[in-house]
Amino acid sequence: MKHYLLIAVVLLSFPISTTRAQTPDVMDIVVKTVEAMNYAGGDVKARIDMRIIDSHGRERIRQMTMLRRNETAGYGPQKYYVFFSRPSDVKEMVFMAWKNTDRADDRWLYLPALDLVKRIAASDERTSFVGSHFFYEDVSGRNIDEDNHEFIEETDEFYVIKSTPKDPGDVKFNHYTSWVDKTAYLPMRMEYTNKRGEIYRTFSVQTVDVIQDHPTIIDVEMEDTAMGGKTALHYSAVKYSIGIRENIFSERFLRRPPRDYLR
Amino acid sequence: MRDYFLLTAACFSFVGTAVAGEATQAAEMTQAASTLNRTDDIYDNNKDALIDIYGFIDTRVGIRTGSEIAGDKNISLGEVRLQLETRPYVSIFTFNFATDFLFDPVADRYAVDLATGDGAIDPRRINVEFSPANFIDMKIGRQILTWGTGDFVFINDLFAKDWDSFFLGRDVEYLKAPVDAAKASFFFDVLNIDVVYTPKFGADRFVDGRRISFFDRTTNEFRGRDNPLLFDRPNDWFDDDEIAARAYRSIGAVEAAVYYYNGFWKSPVGQNALDGRASFPKLSVYGASLRGPLAGGITWIEAGYYDSADGAALDPLIRNSELRFLAGFEKEIATELTASIQYNLERKLDYDGYLNALPSGASLDDQDKHLVTLRLTKLALRQNLELSAFNFYAPSDKDGYLRFNASYKISGELRVEAGGNFFYGSQDHTFLSQFRNNNNIYIAIRRNI
């Protein structure tokens with residue numbers, strides 16, 4: 001009897017799984033993408049060199065070290081710690097965020113000259129991160145439940161996904177299209193289209209490296225024709241799974257940066 | 001001396017409760033450290049130099065728009081300030097050295113006074129940080145200290161402020177005066193505790209007339225540069241000491257804290273009956289605060305019981321005990337435009353005593369002093385331009401104080417700013433209105449180095 005059942009199950013499930021292989025499950029790709037881009041390794045430390053180039057070609061630099069820790073396996077809450085080292089007027093400043101999946105993120109800023117731990121409202125995820133063309137949600141990943149995702153096509157290299165916000169009043173874009181690398185599951189290009197159907201914001205990856213088996217974005221740009229100019233990020237000294245303790249992401253280490261991790 | 005015992009007792013009781021958890025944490029630390037060492041050599045081709053000196057040169061000029069009183073200069077600000085900072089670390093010790101070198105012909109006092117900040121050199125942070133155990137952080141030496149929830153309104157933060165700098169239009173970092181203290185922080189699973197011991201009282205850099213004129217209620221006259229306030233500061237090491245403590249933890253997204261302070265009123269709110277000199281009566285404060293997200297913004301409440309020196313209720317020369325309460329809310333109301341509003345109450349707790357003891361003809365305060373603050377901050381041009389306005393309004397005193405500032409980062413190294421400080425009100429004796437002769441506008445240029 002057991003064998004019969006097994007055969008029946010196999011026969012029944014077979015047509016379903018072949019259909020899946022032909023049209024991949026869009027949520028599966030979306031989750032894998034966000035996990036590859038923002039969740040690799042359980043925790044990570046990286047140095048980020050940011051170049052903000054305005055519409056006149058003038059360039060400003062920011063240099064920071066980012067620590068990120070996942071609170072659960074896979075897509076879920078996370079904690080971020082960003083320690084600024086350049087330019088000198090923001091040196092030793094710390095930005096900390098607890099990314100929540102069930103409610104707005106918690107954010108803090110530490111200003112060393114005043115020894116002030118300031119709590120900042122996370123009302124708008126789509127405000128510029130430290131004056132760059134990246135938004136807060138570009139850095140920590142947009143909540144996947146905020147959009148309806150639609151599978152457009154599969155090319156030799158990419159899955160093409162169209163994402164439309166569930167609450168269009170929330171954001172400037174009408175939708176965005178992502179080209180997700182089929183092996184690395186990294187979004188190599190994302191184009192944001194406004195309500196007039198024009199592409200005004202482009203996220204493009206220039207360099208990917210495999211670090212500790214994790215495909216890792218090394219160079220990425222965000223260009224924004226609405227604002228003018230672009231911001232380029234270069235990641236270096238990327239280390240995964242270094243065992244960052246949870247308590248690093250607390251007021252204690254805002255006031256006293258954890259040198260062991262930041263060196 | 002009392003503070004000493006409290007400090008020692010506090011240290012011992014904390015060590016006792018935490019020693020059990022320490023062993024496992026220590027094992028984790030060692031493991032984390034060895035992981036780091038293994039991976040360290042692979043990268044880090046861009047390692048920072050051990051000694052990295054940075055800072056700024058800030059040139060600032062301001063003029064008084066109010067009338068001249070008691071010899072006040074027309075120029076409110078005229079100074080060049082060089083700040084140099086470095087944070088080297090050796091073994092488990094991190095050293096902080098940040099010192100200001102100041103050329104200030106308006107003050108025209110170059111002899112260095114570490115307590116008042118007078119003179120050509122004003123060390124801001126000269127301290128060492130280390131962790132004697134993995135649940136303790138120590139910071140010993142001259143440091144800037146801040147806690148509590150208020151925005152320019154302080155209830156349980158009794159660390160020294162520099163009101164002259166605040167009112168004259170120096171950078172907002174100068175609102176905080178340095179404190180010579182030892183700070184011990186203890187971190188446990190259920191609660192974190194900070195204890196700050198200041199062996200010699202560190203007063204505010206308060207308005208005494210030399211830079212900012214004020215109204216002296218005892219003599220019914222404005223006092224300025226020609227006749228500044230005379231005062232006696234508690235000045236004995238270990239006898240005139242201060243202790244400040246905070247216990248805090250997060251409850252979900254809400255941060256809760258309780259506070260204790262024992263020391264002196266930070267500005268001279270008393271008067272010596274014999275020689276008429278201003279004095280700093282004893283003060284203890286017990287308080288609490290909550291801060292957390294609400295309705296897409298951040299909200300905070302804080303309260304404190306100010307227990308003034310013995311006999312304050314009946315002595316017109318000592319400030320009354322008070323209950324203080326603060327509630328605030330901040331929200332980004334449009335893209336890169338943040339607004340915040342606060343309500344602050346100061347209630348005299350022995351008002352009948354105050355009324356009875358008040359000399360006839362003296363200015364009379366209400367029992368409750370209400371204060372409402374409003375802040376608007378707008379960022380523009382890739383956050384390189386910041387426009388901010390902060391208004392204090394006291395409906396009970398019918399006076400107020402408006403601060404505004406525009407600052408623009410020309411490049412990563414260069415910033416220019418302009419701003420002003422305007423006090424308003426019709427009476428001479430109310431707290432904010434008394435400074436209205438000091439209304440000023442200023443410009444500044446700052447170069448990062």
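Convention: sequence-line order gives letters A, B, ...; per-chain numbering from 1.
The environment of CZ in B:R375 is crowded: more than 12 heavy-atom neighbours from other residues, nucleotides or ligands sit within 6.0 Å. A 6.0 Å sphere centred on CG of A:D213 holds no more than 12 heavy atoms belonging to other residues, nucleotides or ligands. For A:R103, the CZ atom counts as densely surrounded, since its 6.0 Å shell holds more than 12 non-hydrogen atoms of other residues, nucleotides or ligands.
For chain B, the nearby part of A:R60 is the side chain; its heavy atoms alone come within less than 4.5 Å. With a threshold of 4.5 angstrom between heavy atoms, B:S250 does not approach chain A through any atom at all. In this structure, chain A has no heavy atom under 4.5 Å from any part of B:F56. Only the side chain of B:R125 comes within less than 4.5 Å of a heavy atom of chain A; its backbone N, CA, C and O stay farther away. In this structure, no portion of A:S250 lies under 4.5 Å from any heavy atom of chain B. With a 4.5 Å cut-off on non-hydrogen atoms, B:S185 does not touch chain A at all. Contacts between A:E92 and chain B at a heavy-atom distance below 4.5 Å involve the side chain alone, from C-beta outward. Heavy atoms of A:I61 lying under 4.5 Å from chain B are absent altogether. Looking at A:D106, only its side chain comes within 4.5 Å of chain B, counting heavy atoms on both sides. Heavy atoms of B:E255 lying under 4.5 Å from chain A belong to its backbone as well as its side chain. Contact annotation for A:R256: both backbone and side-chain heavy atoms come within less than 4.5 Å of a heavy atom of chain B. At a 4.5 Å heavy-atom cutoff, B:N192 makes no contact with chain A through either its backbone or its side chain. At a 4.5 Å heavy-atom cutoff, B:L381 makes no contact with chain A through either its backbone or its side chain. When heavy atoms are compared at a cutoff of 4.5 Å, B:Y248 approaches chain A solely by way of its side chain, counted from C-beta outward.
Ion pairing of A:R107 with B:E332 is absent here, as no side-chain N (NZ or NE/NH1/NH2) approaches a carboxylate O to less than 4.0 Å. Using a cut-off of 4.0 Å between Lys/Arg side-chain N and Asp/Glu carboxylate O, A:D89 and B:K409 are scored as salt-bridged. The pair A:K91-B:D52 meets the salt-bridge criterion, since a charged nitrogen lies less than 4.0 angstrom from a carboxylate oxygen.
Between A:E251 and B:R249, every side-chain heavy-atom pair lies at or beyond the 4.5 Å cut-off. Using a 4.5 Å heavy-atom cutoff, the side chains of B:I298 and A:I120 are not in contact. With a 4.5 Å cut-off on side-chain heavy atoms, A:D115 and B:Q143 do not count as touching. Within the 4.5 Å cutoff, side-chain heavy atoms of A:R119 are placed close to those of B:P293. Two residues are said to be in side-chain contact when any heavy atoms from C-beta on lie closer than 4.5 Å; B:Q383 and A:T127 fail this criterion.
Listed options A:V117, A:I52, A:I244 were ranked by heavy-atom pairs under 4.5 angstrom with chain B; first place goes to A:V117. Listed options A:H133, A:R58, A:K118 were ranked by heavy-atom pairs under 4.5 angstrom with chain B; first place goes to A:H133. If you tally non-hydrogen atom pairs under 4.5 Å between each of A:S132, A:P87, A:S128 and chain B, the highest count goes to A:S128.
In this structure B:A177 satisfies the side-chain contact (heavy atoms from CB on, under 4.5 Å) test together with B:A160, B:D162, B:R205, sequence neighbours excluded. A:E223 pairs by the side-chain contact (heavy atoms from CB on, under 4.5 Å) definition with A:K230, not counting sequence neighbours.
In this structure, B:S131 and A:R252 approach most closely via the heavy-atom pair OG-NH2, 4.1 Å. Minimum interatomic distance between A:A121 and B:G297 (heavy atoms only, all atoms of both residues): CB-CA, 3.8 Å. Residue B:N448 comes nearest to A:S88 through the heavy atom pair CB-OG, 3.2 Å, listed as atom of the first residue, atom of the second, then distance.
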May I have the step-by-step check of salt bridge (Lys or Arg N to Asp or Glu O under 4.0 Å) for B:D137 and A:R255, ending in yes or no? CA-CA 10 Å; B:D137 286 349; A:R255 292 183 192 265; over 6 Å; no

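Note that the CZ atom of B:F135 and the CG atom of A:N247 stand 13.5 Å from one another [nearest 0.5 Å].
With respect to A:L116, the side chain to side chain contact (heavy atoms under 4.5 Å, CB included) criterion is satisfied by exactly one of B:L175, B:V172, B:T146: B:T146.
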